[in-house]
Q: 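Here it is: the structure, laid out below.
Chain identifiers are assigned alphabetically (A, B, ...) following the order of the sequence lines, protein sequences preceding nucleic acid strands; residue numbering begins at 1 within each chain. Because the structure is a prediction, the values reported are computed rather than measured. Below, all heavy atoms of this structure are taken into account, side chains as well, without hydrogens, waters or symmetry copies.
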Amino acid sequence: MEEELHEQVREIVKSIPAGRVATYGDVADLAKAPSPRMVGQVLNGDGHDLPWHRVLRANGTCAPHIAEEQLQRLRAEGVIDDGGKVDLRKYRWEEAVKDEDGPPSLF
DNA sequence: ACGATGACCCAAG
DNA sequence: TCTTGGGCCATCG
């Protein structure tokens, strides 16, 4: 049961709905991971059964080697990418949506 | 025990 | 907006 963290990370990623994306930092926080690095480490080891393509970096970009697959899969889910970058403010998955739809005439 | 590596993040220039 | 540097935690040789 020392693998609870390992399990948690998988659960979080699996909980991401299609057409939505989350950042490593968010998953790490939700999974109580000590650092976002561990999320990538887990995905690298046991992410074969997880929608890892729904996990992006904090700036909305994806890892170098998987970028192709990532963008392609995201597009299939309905996520539109822009020059290899995804609009987190639009597709960022938030289990407790705080406030995303800010004022149209102010930022 | 130690150094290097990795699907990362953030601040500063 | 992009690049650089430092910090981060766990695994491997």
Side-chain angles (χ1 to χ4, degrees):
Chain A
M1 39 192 158
E2 308 77 37
E3 309 293 315
E4 185 174 358
L5 173 35
H6 204 105
E7 282 271 310
Q8 278 286 34
V9 174
R10 284 169 39 166
E11 288 295 304
I12 304 299
V13 178
K14 275 194 284 191
S15 302
I16 304 174
R20 244 16 170 223
V21 296
T23 70
Y24 290 92
D26 281 5
V27 176
D29 184 46
L30 293 168
K32 307 281 198 308
S35 178
R37 280 191 112 81
M38 302 291 80
V39 179
Q41 213 75 305
V42 173
L43 287 177
N44 189 18
D46 288 312
H48 54 80
D49 276 58
L50 303 168
W52 54 268
H53 54 265
R54 287 180 195 149
V55 184
L56 324 175
R57 290 196 181 177
N59 61 323
T61 58
C62 33
H65 47 278
I66 67 176
E68 304 238 351
E69 197 83 54
Q70 186 86 7
L71 275 306
Q72 195 169 325
R73 281 192 171 210
L74 286 174
R75 272 192 186 184
E77 301 260 321
V79 177
I80 316 300
D81 60 282
D82 171 56
K85 293 177 230 176
V86 179
D87 298 350
L88 286 178
R89 59 179 186 174
K90 199 173 172 171
Y91 294 107
R92 192 172 192 180
W93 171 58
E94 304 175 272
E95 71 293 339
V97 185
K98 327 177 214 181
D99 60 298
E100 210 19 83
D101 222 73
S105 299
L106 183 62
F107 299 119

Q: B:dG6 C1' sits how many Å from A:H65 NE2, rounded?
A: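 In whole Å, B:dG6 C1' and A:H65 NE2 are 9 Å from each other.
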
Q: Given C:dC8, B:dA7, B:dC9, identify the nucleotide with an atom nearest to the side chain of A:P36.
A: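 Side chain of A:P36 sits closest to B:dC9.
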
Q: Could you give the OH-to-P distance, from A:Y24 to C:dA10, as a whole number of Å?
A: 18 Å

Q: Taking OP1 and OP2 of B:dC8, is either one under 4.0 Å from a side-chain nitrogen or oxygen of A:R57?
A: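 Affirmative; the distance criterion is met.
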
Q: Without decimals, in angstroms, what is the distance between A:M38 CE and C:dC12 C1'?
A: 13 Å

Q: Rounded off to whole Å, could you give me the CG-to-P distance for the A:D82 and C:dT1 pair?
A: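 Going from CG in A:D82 over to P in C:dT1 covers 11 Å.
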
Q: A:N59 CG to B:dC10 P: how many Å, rounded?
A: 9 Å

Q: To the nearest angstrom, how far is A:N44 atom CG from B:dA7 atom C1'?
A: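 In whole Å, B:dA7 C1' and A:N44 CG are 6 Å from each other.
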
Q: Here's a test of your reading of the structure: between A:K85 and A:Q41, which maps to the more 5' nucleotide of DNA chain C?
A: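 That would be A:K85.
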
Q: Take the protein atom CG of A:L50 and the nucleotide atom P of B:dA7, then report the distance between them rounded to whole Å.
A: 16 Å

Q: Should A:K32 be listed as having a side-chain N or O under 4.0 Å from OP1 or OP2 of C:dC9?
A: no

Q: Round to the nearest Å and state the distance from A:L74 atom CG to B:dA7 atom C1'.
A: 13 Å

Q: Taking the side chain as every heavy atom from C-beta outward, state whether A:L74 and A:V86 have any pair of such atoms under 4.5 Å apart.
A: yes

Q: Would you call A:R92 and A:D26 a salt bridge, taking side-chain N to carboxylate O under 4.0 Å as the test?
A: yes

Q: May I have the step-by-step check of side-chain contact (heavy atoms from CB on, under 4.5 Å) for A:D87 and A:V79, ending in yes or no?
A: CA-CA 9 Å; A:D87 298 350; A:V79 177; over 6 Å; no

Q: From the options C:dA10, B:dA7, B:dC9, select the nucleotide whose nearest atom is closest to the side chain of A:W52.
A: B:dA7

Q: So if I take every side-chain heavy atom of A:P34 and compare against B:dA7, C:dA10, B:dC10, which nucleotide ends up nearest?
A: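 Taking heavy atoms from C-beta onward, the closest nucleotide is C:dA10.
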
Q: Considering all heavy atoms of both residues, which atom of A:G19 and which atom of A:E77 are nearest to each other, and what is their separation?
A: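 Taking every non-hydrogen atom into account, N-OE1, 3.4 Å.
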
Q: Of the nucleotides C:dC2, B:dA7, B:dC10, which one has an atom closest to the side chain of A:A63?
A: B:dA7

Q: What verdict does the side-chain contact (heavy atoms from CB on, under 4.5 Å) test give for A:T23 and A:R57, after you've listed the backbone C-alpha separation in whole Å, the side-chain angles of each residue and the deciding distance to 0.1 Å?
A: CA-CA 5 Å; A:T23 70; A:R57 290 196 181 177; over 6 Å; no

